[in-house]
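First the structure, in the form of structure tokens, and then the observations on it.
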Protein chains: 2
Amino acid sequence: MERPGRPTISDVARLAGVHASTVSRALDPSARHRISRAVAERVAAAAEQLGYRPSALAAGLRSGRSHTVGVLVPDLTNPVFPPIVQAIEAALARAGYVTLLASTEADAAKEALLIRRMAAQGADGIILASAATGSPAPGAAARLGLPLVLVNRRLPGAELPAVVSEDAAGIGLAVRHLLALGHRRIAHLGGPSGVATAADRLRGVRAALRAEGLAPVAVERAAAYTRQAGAEATRALLRVRRGGFTAIVAANDLLALGAYDALREVGLRIPADISVTGFNDMPMADLVDPPLTTVRIQHAAMGEAAAEAMLARLRGEAGPGTVRLPAALVVRASAAPPQAG
Amino acid sequence: MERPGRPTISDVARLAGVHASTVSRALDPSARHRISRAVAERVAAAAEQLGYRPSALAAGLRSGRSHTVGVLVPDLTNPVFPPIVQAIEAALARAGYVTLLASTEADAAKEALLIRRMAAQGADGIILASAATGSPAPGAAARLGLPLVLVNRRLPGAELPAVVSEDAAGIGLAVRHLLALGHRRIAHLGGPSGVATAADRLRGVRAALRAEGLAPVAVERAAAYTRQAGAEATRALLRVRRGGFTAIVAANDLLALGAYDALREVGLRIPADISVTGFNDMPMADLVDPPLTTVRIQHAAMGEAAAEAMLARLRGEAGPGTVRLPAALVVRASAAPPQAG
DNA sequence: GCGAAAAGTGCAAACGATTGCTCAGACGGT
DNA sequence: ACCGTCTGAGCAATCGTTTGCACTTTTCGC
């Protein structure tokens with residue numbers, strides 16, 4: 001008649017007629033071999049009968065491992081992140097880990113606070129999506145003794161495991177596509193400074209152009225990876241160099257869509273007047289008007305690899321250093337040969 | 001020279017020259033009044049000096065409150081969820097809670113497993129986005145004694161707090177818009193059965209039409225809220241009733257985009273031949289071709305309200321029951337007057 | 001069969017907080 | 001002056017596990 005609360009390990013022990021420590025071992029796959037088969041089975045049966053679920057809190061307190069990993073993203077509404085986060089969560093869940101999610105809003109103070117809070121919650125490690133230079137994460141994580149894995153963006157200088165795309169080579173694909181279409185005067189709509197992907201992609205654009213003896217006719221860096229910032233930077237590009245380029249290589253899809261907005265404002269047609277390419281191949285990139293020619297990155301694979309890298313670290317293995325996943329060109333309709341004349 | 005590990009409450013106590021229990025009280029705003037001002041300040045200083053961060057694990061173990069809330073979504077890559085999740089996380093974070101995220105993949109077994117796992121982690125409550133009939137969540141949560149709050153979809157029958165949109169009234173806006181444009185033969189591309197929003201929106205379509213003495217000329221329900229399922233259901237609609245309708249009211253944006261795909265396959269132009277409306281006003285809905293006329297719901301407000309409802313419950317307050325947030329029509333270009341003749 | 005090694009369990013001390021009790025002293029009313 | 005109340009702080013138990021150590025039994029080599 002009494003409300004028993006959740007059964008504890010002692011309840012199981014009592015029912016199985018053994019000591020709690022024996023139950024603990026019998027239920028731990030890595031210690032089960034120290035227990036006789038008969039007892040292990042009796043314990044399993046008792047646990048099953050009681051519907052016993054060990055308290056991860058108590059286990060974490062004692063063992064120091066909470067089976068919890070924190071994931072930090074700057075902005076979940078940026079379509080790049082959901083697939084990555086989802087893949088991370090799935091991979092962690094498969095390994096029995098639960099995912100703590102928080103959004104930093106690209107604010108360094110918030111990032112530091114969230115890491116501390118996750119550490120207080122006993123997180124075993126932190127996966128940081130989109131680190132920016134000056135990010136307090138490496139310092140904070142190191143101070144707290146937490147393994148840190150970067151995903152989507154690396155952090156040059158810091159020796160941290162990271163899973164990223166082949167940014168330079170990937171955007172080179174887009175540039176070469178434009179060159180093949182006959183473009184010679186190409187502008188780059190770059191990502192914010194302090195972000196590794198932005199620098200890498202700018203480098204990639206320069207390299208691909210240089211291979212043909214060319215250089216970008218203009219480079220304008222957006223203040224953030226958002227549609228609004230992309231539109232603004234494109235307006236700047238038009239102010240400075242209107243008519244001076246026939247194509248814009250954007251550092252990501254959101255920026256490219258911002259370019260769509262800005263080009264439309266001044267009556268320029270895509271791709272008839274100006275070609276535009278993006279980067280990321282985010283969901284819906286095929287549905288915009290015109291469908292965006294872009295570079296596909298492996299969102300899911302990236303998330304999964306990041307989770308695997310974290311799990312390897314948590315197992316005490318060295319794990320991979322920086323992993324670079326290849327990107328592929330996706331040709332749609334936003335890039336076409338330049339207008340004759 | 002020794003590696004001190006993280007400072008514990010006893011370290012702070014020692015430094016402040018008081019007992020650990022006094023530190024605990026001095027640091028707890030709701031118990032601070034039992035401590036003299038002088039001691040409280042000494043403790044605060046000591047904690048500050050040591051960089052003390054209480055272990056949420058230990059606190060949770062003893063107090064039964066882990067300051068952790070689990071959030072379950074069926075699929076994070078559905079653009080409806082990120083803004084909701086982000087708002088939930090932000091509101092919870094403001095209250096000092098951390099968010100556990102997991103994706104159920106619309107799988108009941110997985111949903112049950114994840115709830116158990118979150119309970120084992122000591123989660124204080126569960127917020128479930130998009131419950132479907134037959135969801136094991138209410139039962140599981142009740143068994144575990146966890147408060148459950150629904151967001152985006154309610155669960156008819158279960159007496160659970162839920163924060164949803166005014167689905168019926170909202171989609172009525174779209175229908176009335178179509179009627180005002182002159183459409184009379186309207187088909188409904190419905191959501192999956194077993195999902196409350198789908199039923200509510202279907203009801204809303206019927207009600208709005210009935211007010212004019214009309215009824216939907218066809219109703220086809222998609223197997224899931226995805227672009228693919230939307231395309232398939234639209235193909236079915238065309239098979240059955242091609243030419244029999246001049247507009248499609250879709251139960252959500254993803255379905256509407258699927259309709260775009262299917263209509264294009266057979267050479268039908270939007271909106272010249274067929275008008276299409278969506279629901280949700282997801283990000284990018286304005287960028288597709290043609291820009292989607294849809295119904296805007298308050299993603300962020302919904303997430304925030306759900307988090308607030310959960311926090312109220314955790315404070316022991318009754319909190320609101322079902323909250324319905326109004327929706328608004330967003331007119332873009334996918335709906336136009338029907339072709340003459 | 002003997003002793004040593006191995007196997008299988010139990011014991012009890014952590015882990016780091018929270019909280020019901022106890023207790024000493026200050027205070028105030030009569 | 002005395003007694004009761006209140007305040008502020010300490011004591012110690014407790015939350016539910018894990019794990020180093022000690023203690024029996026087997027097991028096995030010789």
Side-chain angles (χ1 to χ4, degrees), chain A residues 4-43 46-47 50-68 96 119-124 144-145, chain B residues 4-43 46-47 50-68 96 119-124 144-145:
Chain A
R6 278 217 275 303
T8 75
I9 201 170
S10 315
D11 298 328
V12 177
R14 205 168 311 124
L15 180 57
V18 296
H19 193 266
S21 63
T22 304
V23 173
S24 174
R25 287 188 265 254
L27 262 26
D28 174 2
S30 78
R32 181 155 30 244
H33 67 276
R34 334 197 78 252
I35 297 292
S36 74
R37 210 186 160 70
V39 170
E41 279 167 6
R42 210 160 71 235
V43 168
L50 259 36
Y52 169 68
R53 299 249 103 206
S55 154
L57 239 50
L61 175 58
R62 165 66 221 229
S63 67
R65 279 163 274 115
S66 70
H67 283 222
T68 273
Q121 284 290 343
D124 294 334
L144 295 162
Chain B
R6 279 217 277 302
T8 76
I9 200 169
S10 315
D11 297 329
V12 178
R14 205 170 308 124
L15 179 57
V18 298
H19 193 266
S21 62
T22 305
V23 173
S24 173
R25 289 189 262 257
L27 263 26
D28 174 2
S30 78
R32 176 149 43 240
H33 66 276
R34 332 197 82 250
I35 298 293
S36 74
R37 208 187 162 73
V39 170
E41 278 168 7
R42 212 161 70 236
V43 168
L50 259 36
Y52 169 68
R53 297 252 106 206
S55 155
L57 240 50
L61 176 59
R62 166 67 221 226
S63 67
R65 280 163 273 114
S66 70
H67 283 222
T68 273
Q121 286 290 342
D124 294 336
L144 295 161

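Everything quoted here is computed from the prediction, not taken from an experiment. In the text below, chain A, chain B and the rest are named by the order of the sequence lines, each starting its count at 1.
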> With distance as the sole test, does R32(B) use its side chain to make a donor-acceptor pair with the main-chain N or O of A26(B) at under 3.5 Å?
Replying inline: yes
> Nearest heavy-atom pair of D124(B) and H67(B): which atoms, and what distance?
Replying inline: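 Result for this residue pair: OD2-N, 2.7 Å.
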Between atom [atom1] of [X] and atom [atom2] of [Y], what is the distance when rounded to the nearest 0.5 Å?
| X | Y | atom1 | atom2 | value |
| --- | --- | --- | --- | --- |
| S66(B) | L61(B) | OG | CG | 11.0 Å |
| R42(A) | S36(A) | CZ | OG | 7.5 Å |
| R25(A) | H33(A) | CZ | NE2 | 10.5 Å |
| I9(A) | L50(A) | CD1 | CG | 12.0 Å |
| I35(A) | S21(A) | CD1 | OG | 7.5 Å |

>> Using a heavy-atom cut-off of 4.0 Å across all strands, would you classify R32(B) as base, sugar-phosphate, or nothing?
In response: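 The residue R32(B) makes no contact with any strand.
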> From the 5' end of DNA chain C to its 3' end, which nucleotides mark the outer limits of contact with chain A, defined by a 4.0 Å heavy-atom distance cut-off (strictly under)?
Replying inline: dG8(C) to dG16(C)
>> At less than 4.0 Å, is any side-chain N or O atom of S55(A) found next to OP1 or OP2 of dT17(D)? Yes or no.
In response: no
>> Can you list everything that forms a side-chain hydrogen bond (donor to acceptor under 3.5 Å, both in side chains) with R14(A)? Sequence neighbours excluded, please.
In response: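 R14(A): side-chain hydrogen bond (donor to acceptor under 3.5 Å, both in side chains) contacts with D11(A).
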> Tell me: CG of L57(A) to P of dT18(D), nearest whole Å?
Replying inline: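 The distance from CG of L57(A) to P of dT18(D) comes to 12 Å, rounded to the nearest Å.
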> Once each nucleotide of nucleotides 6-15 of chain D is scored for protein heavy atoms under 4.0 Å, what B/S/- sequence comes out, 5' to 3'?
Replying inline: --SSBBBBBB
